[in-house]
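The next block holds one structure in the form of structure tokens; read it before the comments.
Protein chains get the first letters and strands the later ones, always in sequence-line order, with residue 1 at the start of each.
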Number of protein chains: 2
Amino acid sequence: MLAEQSPFAMKLGAFVSLSGDELSTMELLQSRRKKFAAGREILHQGQSKKTAYILSSGWVCSYKLLSGGARQIVDFQIPGDFLGLRSLLFRSADHNIEPVTSVEVSEVQATDLLEAFRKSPRVGTGLLWAASRDEAMLVEHLVGIGRRGAKERVAHFLLELGARLKLVQLSTPLGYACPLTQNMLADAMGLTAIHVNRVLRELREDRLATFQHGMVTIHDFDGLVAFADFDKSYLDHEGPLLK
Amino acid sequence: MLAEQSPFAMKLGAFVSLSGDELSTMELLQSRRKKFAAGREILHQGQSKKTAYILSSGWVCSYKLLSGGARQIVDFQIPGDFLGLRSLLFRSADHNIEPVTSVEVSEVQATDLLEAFRKSPRVGTGLLWAASRDEAMLVEHLVGIGRRGAKERVAHFLLELGARLKLVQLSTPLGYACPLTQNMLADAMGLTAIHVNRVLRELREDRLATFQHGMVTIHDFDGLVAFADFDKSYLDHEGPLLK
DNA sequence: CGTCGGGTTGATAACTTTCAAATTTCGTGG
DNA sequence: CCACGAAATTTGAAAGTTATCAACCCGACG
């Protein structure tokens with residue numbers, strides 16, 4: 001009910017209803033603020049600094065590089081998302097994290113997290129839900145690259161992003177601001193930037209969706225959902241059973 | 001040190017050294033034995049039966065189906081692996097699990113798991129490690145489908161399987177028994193069975209590896225590693241930091 | 001004003017699928 | 001134990017999708 005809720009609280013709040021106490025626990029988690037400029041690496045493959053972050057504003061991407069120089073973007077993170085949870089748990093990171101835009105994050109130490117769980121199990125529940133949702137998205141990403149055609153894949157991606165952004169009030173059914181370049185999109189979709197460009201043009205010509213000038217516009221939501229075979233159920237679990 | 005250790009204990013034991021007590025805790029987890037015939041569905045998308053399993057013998061696969069009928073296999077599980085951990089935590093499963101061969105599993109309830117964690121934090125640590133390793137494999141799978149050529153991808157897959165099987169003594173550097181069909185391989189790799197067949201032939205002709213008659217034979221391990229750009233570090237974390 | 005990264009388009013090449021069909025292997029019932 | 005049918009493997013040829021190469025345009029920025 002607060003006018004100024006953090007995206008993190010908005011996101012978890014969409015899943016578990018949070019008391020005032022719980023909200024302040026979450027805000028407390030986000031007290032160590034930091035900024036990174038676009039392109040300034042946050043986490044590097046093999047790095048062992050054991051910090052995680054909550055993203056407050058801006059977008060980041062996590063990716064892996066192959067020896068040949070190719071890059072596969074594993075996921076994008078948007079405000080409210082948790083970054084580097086695994087790097088907190090393990091000796092060294094197995095992927096890179098880099099801001100897409102300039103970003104604002106809050107550093108989270110392992111101890112902060114444990115303390116938050118202790119004070120409010122529901123925050124832990126929410127995080128567990130978020131982690132599981134991330135894994136479901138990863139699986140869906142795999143399915144898309146493995147078995148969807150390029151056009152369906154991109155369409156599906158645009159819809160997924162929209163659904164995610166809606167949770168933090170950064171999207172409407174009409175569209176959303178999207179700072180990604182076609183190159184990043186390509187590295188995420190397992191395509192070439194050139195081909196992504198063509199696919200986007202086709203989607204535009206089909207009057208389904210437009211992605212231009214940093215703005216995604218959905219022209220025909222139902223049509224796009226049907227075309228992409230988008231089933232959003234993997235995005236909104238009804239909640240974990242363990243508390 | 002036991003001659004007859006369960007694959008599950010062997011696998012976790014490769015990561016955390018386990019006391020006799022801990023070993024028996026793990027064996028206790030595996031007391032509710034069950035068998036499934038090949039092809040007999042274990043878990044169905046949307047299903048809400050809240051049980052997980054530890055796989056003792058045989059192979060299973062988890063996959064998703066698209067509306068067009070296409071199938072993407074997300075992962076194969078081999079003896080010692082945990083099945084359906086997420087379906088234990090959440091209301092309903094978002095993927096299917098099906099035995100590849102006839103299998104023997106042990107049913108695990110949420111309460112069993114919590115009890116095991118309570119009795120032996122190290123078992124919990126081990127499971128956390130296993131879950132994280134699974135996620136790392138998922139990411140690597142995504143990278144492979146997105147950015148590796150078909151031949152490199154299949155080669156990489158054969159090496160990964162070998163490394164996983166070695167942990168439970170089902171593989172040597174020379175090769176291993178593999179009950180997968182070229183069709184399954186195709187659905188896992190995001191390729192056509194026909195193309196998988198050609199790729200396997202090429203790998204054989206290159207004297208790198210052979211997969212025939214349910215048997216994978218590695219002819220030139222180093223050559224295969226080099227060709228596939230296989231870096232096994234994502235498979236052997238040195239261990240979680242939280243206990 | 002010139003450079004540079006991103007976007008756009010066309011032509012060509014490479015890779016993968018699709019379609020068709022023959023062959024082999026495997027599981028099951030007789 | 002054999003025979004049979006179904007499933008899996010194998011190969012060829014043609015079609016389709018996506019990548020690669022080459023240019024050009026444009027706006028941001030020093």
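Separating the CG atom of A:L191 from the C1' atom of D:dT20 is a distance of 14 Å, rounded to the nearest angstrom. Between the CD atom of A:E202 and the C1' atom of D:dT17 there is a distance of 11 Å, rounded to whole Å. Put simply, CG on B:N183 is 10 Å from C1' on D:dT9, counting in whole angstrom units. Atom pair B:R147:CZ and D:dA19:P shows a separation of 7 Å (rounding to whole Å applied). Straight-line distance from the CE atom of A:M189 to the C1' atom of D:dA19: 17 Å, rounded to whole Å. Spacing between atom CG of B:L200 and atom C1' of D:dT11 amounts to 14 Å, rounded to whole angstrom units. Rounded to whole angstrom, the span from the CZ atom of B:R201 across to the C1' atom of D:dT11 amounts to 7 Å.
Contact check for B:L200 versus B:V154: side-chain heavy atoms found under the 4.5 Å cut-off. For the pair B:V108/B:T51, no side-chain contact is recorded, criterion being any heavy-atom separation below 4.5 Å from C-beta on. Residues A:L83 and A:I54 form no side-chain contact, since every pair of their non-hydrogen atoms from C-beta on lies 4.5 Å or further apart.
For the pair B:R198 and B:E202, the salt-bridge criterion is not met [side-chain N within less than 4.0 Å of a carboxylate O]. A salt bridge links A:R148 with A:E140: the closest approach of a Lys/Arg side-chain nitrogen to an acidic carboxylate oxygen falls below 4.0 angstrom.
Within the structure, a side-chain polar atom (N or O) of B:N197 is placed less than 4.0 Å from OP1 or OP2 of D:dT10.
In A:R32, the CZ atom is crowded: over 12 heavy atoms of neighbouring residues, nucleotides or ligands sit closer than 6.0 Å.
The residue among A:R204 and B:H195 whose nearest nucleotide of DNA chain C lies closer to the 5′ end is A:R204. In this structure, B:M184 and B:I194 both approach DNA chain D, and ranking their closest nucleotides by distance from the 5' end singles out B:M184.
Across all strands, A:G39 comes closer than 4.0 Å to no nucleic acid atom at all (heavy-atom distances). Among the protein residues, A:A193 comes within range of no part of the nucleic acid, since none of its heavy atoms lies under 4.0 Å from any strand. Within 4.0 Å of B:G190, counting heavy atoms only, lie sugar-phosphate atoms of the nucleic acid but no base atom.
When DNA chain C is scanned in the 5' to 3' direction for atoms under 4.0 Å from non-hydrogen atoms of chain B, the outermost contacting nucleotides are C:dT16 to C:dA20.
In this pair, B:F8 and B:F82 present their aromatic rings tilted. The plane angle is within the 30 to 60° band.
In this structure, the nucleotide among D:dT20, D:dA8, D:dT18 sitting nearest to the side chain of B:T181 is D:dA8.
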